[in-house]
Amino acid sequence: MSRSKTPSTFHARVTVMPRRAVLDPQGRAIHQALKRLGFKQVEEVRAGKSFDLTLTAAGAEAAAAAVEEMCRRLLANPVIEDFAVELVDGAGDGRS
Amino acid sequence: MSRSKTPSTFHARVTVMPRRAVLDPQGRAIHQALKRLGFKQVEEVRAGKSFDLTLTAAGAEAAAAAVEEMCRRLLANPVIEDFAVELVDGAGDGRS
Amino acid sequence: MRCGIVVFPGSNCDHDVYHVLKHVLGQEAMFLWHDATDLKDCELIVLPGGFAYGDYLRAGAMAARSRIMSAVARHAERGGLVLGICNGFQVLLEAGLLPGAMRPNRGLRFLCQDVYLRLERHDLPFTHAYRDVRVARMPIAHAEGCYVASDEELDRLEAGGQVVLRYGDAGGGRGDDDPAVNPNGSARAIAGIVNRQGNVLGMMPHPERCAEAVLGNEDGLPLFRGLTEEHGRTAR
Amino acid sequence: MSRRVASPAEPAVDQEVAAEHGLSADEYERLCDLLGRTPTWTELGITSALWSEHCSYKSSKVHLARFPTSGPYVLQGPGENAGVVDIGHGWVAAFKMESHNHPSFIEPYQGAATGVGGILRDVFAMGARPIACLDSLRFGRLEAPRMRHLVDGVVRGIGDYGNCVGVPTVGGETGFHPSYDRNILVNVFALGLARRERLAHARAAGAGNPLLYVGSPTGRDGIHGATMASEAFAADSEAKRPTVQVGDPFTEKLLLEACLEALRTGAVVALQDMGAAGLTSTAFEMAARGGTGVYLNLSRVPLREPGLTPYEIMLSESQERMLLVVERQRQKDVEGIFRRWGLEVTDVGKVTDDGRAEVRFARRKVADMPVQPLTQGAPVLRRPVRVPKDLEERQRPPEVPQPDDPTAALAALLDTPEMGSKAWIWRQYDHTVRTNTVAGPGGDAAVLLLKGTPAGLALTSDVNPVYCWLDPHRGGAQAVAEAVRNLACVGAEPMALSDCLNFGSPEDPQIAWQFRECVEGMAAACRALEVPVISGNVSFYNQTDDGGPGGPRAIHPTPTVAMVGLIPDLASLPSSSFTRAGDRIVLLGTDAGEFGGSAYLRLLYEVEQGRPPAVDLGREARLAELLRFLAFEGLISTAHDLSEGGLAVALAEACFGRGLGAEVSLELAPLNLFSETQGRALVAAPAAAVEQVLEEAEAYGVPALEVGAVGGERLRIRASGGAVDAAVEDLRRRWETALPRWMEETG
Ligand SMILES: Nc1ncnc2c1ncn2[C@@H]1O[C@H](COP(=O)(O)OP(=O)(O)O)[C@@H](O)[C@H]1O
Ligand SMILES: [Mg+2]
């Protein structure tokens, strides 16, 4: 009730990674492939997912909280994955 | 020849995203699913991949350059994808 | 004809292609290991279906960078015949031997079903044996078969007659937006393309799975027969 | 006598700790006697795994002994990684079915995927190249919490794994019932082919021969829950938590090719997958079968993460790992093959001749146990049984309402996910890879080509859990009889079966009774229909205590039967759908108006009551023989058995394949179109052959009646006092969309 900010647009990047102890066959295969290509300096590769979300929220905190909730409910599988949420500058589109 | 730094360990995070112009059925499906779960505030979702690499390099710049080369040669498909490389603090493991 | 079938780690239609070439058509068929540098004088190189390297990064991505692919590229450049089926097509795209890329099917699920194909050209070694057949029925079995390329690229392909196979309906009509006709959502319903010189074909459907009467469908047989016959004609 | 040399970091063992590991006081005492001392922590872990229900079959053994296990085709009965039949032409087929129920409920995608991985390894451990899978799935109501997520994940998991390895999933079954709301069932079957002389075994032999560990490194995957219960490990909980098993079908494919290639060298003495209870059961079982011993050096085992204890290494269930015994002189050759396929291979021990399993880690002996007493000597329990309190209530004859409108009743039945087409599922499975699939999913039985021969293999999986719940003896017999019937519809003679017996807790006497009755019903049918059981699996404890008043809720008894048959010649294979307008339709068998447990009562009136249809094994045998004869002689173009939903549903299904209608009339009440009396099938034959079909039926002692003809675009069934009359296309659309409507919701 006390909140009166007008909602604005936010960009969030979610990174979902297999948990440390969980087997990551993708990462392993990619590591091998990089080595075959001559990138011997690589010691480990973990492979995960990345999502860019555009959403409206009352403020940055609310946006981050909402995206974390989305991760818990859908974007990440808590049994085998960890996630991280990062709010990207509201104006930009957060991609290179 | 002139480089004499001892190589050290770096952590890099690579994010690979479908190009704007490219169809992203997965992002769309996730967007729909989020809306069904009640997250009506989401306006767009793009789905991509994320890789965490551990590698040794002579320095941060060399590490970043090597990872960018890996992206060009294997990790991203330039016809449909863009990539971004981010060096994560050398000491930490860069994950939440 | 000497036919080489490339075996990548994770190829799983290699034996099926071998069976058709060797036992159905009586050709000289052999397997070529992914890290070989030499194609053993094979005139036809087949990149078979399957999940090379598990398709773990993108379908075909890691296989496209394996050692044998430089030899395959040289073979193609010299005008040698190359056929990529399903995963093999994905490998050809990733290797840059054919333009464009593959994305996940429009429904985001693996699809194993029969499709109808419009044969858009009959003057290639791959298709001449179809003679006046305009529509063929073949199975598909893939998760990433949605062909994409830029509009300019697509126009170039069409203009150059490089679109060889297109998903269509049973009567040969088009229905590019209809999931029942174009199940993976390919741009312009493209199911198979050839390079400009006409000697490298990539296709998503599996002709080797419908090349024997006992399996209830022989629509794939003319493709292999044409390749081996064509050779017979030109070599003599 | 060896000194007791547990690592000082390991907790001491006493009876209380043993109890936390699930060992009874008796079992603990027995273990101490066998060792002549207190077991070490690692030894306790090993024992609790070997004597667990899953590995020892302690509650089921006495009952399973009733199955016939030999027959003219059987080369290898239960006891190896998979059973084997001789199919002639120099070929043998190895097959087995396994459950992955609990893991699939926790993590549906990985649980189902690793289920496929495990069963494929069981098959290629026999030296057989896997050529087909079946999956038998039981889900709860689609509206139950998480259920669509579970369905989606399980189907994707099975698909992605099998598709990647390149083994077609050619059939299966899918059911939905509230008894599985909290305990879904994922049963996966695999069959492989080998040349007869190349069959492999899992018997460790030849003292001094090295043990090679191949495949993925070991992590803390799926380690015995017992670790968690222990005080000692509570402190650093998160890091040491066992993790969900993740499947790696790519590594599996390499392992498959490398193992088959290694076997061709003749230098492999034995091999086995590291499945349930991991290295423990593999090492002990291989030594037990060979009458030898093993020496294991756990410090050599490749690890995925540092710091695993010997206990964890022995019990890890990390996937895509195999253990090989190879001839010492040819170790290098075999290792070379695995390396060429890009796989790690490590020498982790050797075969010994002292009948003991000696396990070392970091120069310390952590276990030293006699092999035979631990494997063969697992306790055998005779669990008390009791007839369920409410059995009489369950079996009370139900009231069976007449259908107001038979057409509407049929349409409503076909419109349920239970009766509707399962194509949404099997389209996600590659069922044509390997180019052997003559008839894939969608018919009565899948049919596979045996390349280079005129013969074919037929596969089916069947069980009706509602029948089993209402009358487990009948239900068990019915599952076997239906499988035989499904095979007969494609002209196949059954060679053997594998099963997956899914039940609640055997400690509940009412469930132990269900189990015994089901097994006896199956065994009776197996004997009468001459189908031996050559492999299988028991899955108990499929129940959940949600604190409700009735105690834990168990699943319906679900003894899944996967049966394999031989078709001598594929030249005259009948289809399960109508293929030609003008063909005459003949109904084989007679109706007795049986509705107990029927789809009609259950799906239209929510009544699950009464005795299920009787199973007359003599009649089933005659019907199957007749069907095989008709198929072999090429007299029929269509054969489809009558099962759930009765004649009306069978006719509708036969119309759907090619959209051909049928015109049928019978002297039956419309209600009886939905009766599920067993021992029936419908066939279609060209008009010219009908006389002969009827004569042959009479000769085989099977009642037969010509009831109509194939043709048109409508299904018309005229019964006494009512009729079904509907456009095939309308029925087909409902049947086809019933399941996808639930699964592909949008907006
Ligand atoms: N989970 C599944 N996987 C593969 N095929 C399936 C699955 N569920 C059902 N099917 C296929 O659908 C068809 C119908 O199944 P079902 O109704 O159980 O047949 P029936 O009553 O003849 O035993 C069968 O051909 C079966 O193989
Ligand atoms: Mg049937």
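Because the structure is a prediction, the values reported are computed rather than measured. For the numbers below, each heavy atom of this structure counts, side chains included, while hydrogens, waters and symmetry mates do not. Proteins get letters first, then strands, A, B, ... in listed order; numbering begins at 1 in each.
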Trainee: If you round to the nearest 0.5 Å, how far is NE2 of His31(A) from CG of Leu53(B)?
Mentor: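 The distance works out to 8.5 Å.
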
Trainee: Taking all non-hydrogen atoms of both residues, which atom of Val42(B) and which atom of Leu55(A) are closest, and how far apart?
Mentor: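 Result for this residue pair: CA-CB, 4.0 Å.
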
Trainee: When only pairs under 4.5 Å are counted, which of Val67(A), Leu75(A), Leu34(A) shares the most heavy-atom pairs with chain B?
Mentor: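 So the answer, after comparing Val67(A), Leu75(A), Leu34(A), is Leu34(A).
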
Trainee: Side chain, backbone, both or neither: which part of Phe51(B) has a non-hydrogen atom closer than 4.5 Å to chain A?
Mentor: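 Its backbone and side chain both get close to chain A.
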
Trainee: Side chain, backbone, both or neither: which part of Thr56(A) has an atom under 4.5 Å from a heavy atom of chain B?
Mentor: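 Thr56(A) touches chain B through backbone and side-chain heavy atoms alike.
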
Trainee: Enter the distance from Met70(B):CE to Ile30(A):CD1 here, rounded to the nearest 0.5 Å.
Mentor: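 The CE atom of Met70(B) sits 12.5 Å away from the CD1 atom of Ile30(A).
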
Trainee: Within a strict 4.5 Å, meaning less than it, do heavy atoms of the Thr15(B) and Arg13(A) side chains meet?
Mentor: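 Side-chain contact under 4.5 Å: yes.
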
Trainee: Report the option among Ala66(B), Gly27(B), Ser50(B) that has the most heavy-atom pairs separated by less than 4.5 Å from atoms of chain A.
Mentor: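 Winner by heavy-atom pair count: Ser50(B).
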
Trainee: If we only count heavy atoms from C-beta on, is the His11(A) to Glu43(B) side-chain gap below 4.5 Å?
Mentor: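 His11(A) does not reach Glu43(B) side chain to side chain.
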
Trainee: Which atoms of Glu69(A) come close to chain B, meaning under 4.5 Å heavy atom to heavy atom: side chain ones, backbone ones, both, or neither?
Mentor: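 Glu69(A) touches chain B through backbone and side-chain heavy atoms alike.
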
Trainee: Rounded at 0.5 Å granularity, tell me how far CG in Leu74(B) sits from CZ in Arg36(A).
Mentor: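 The CG atom of Leu74(B) sits 9.0 Å away from the CZ atom of Arg36(A).
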
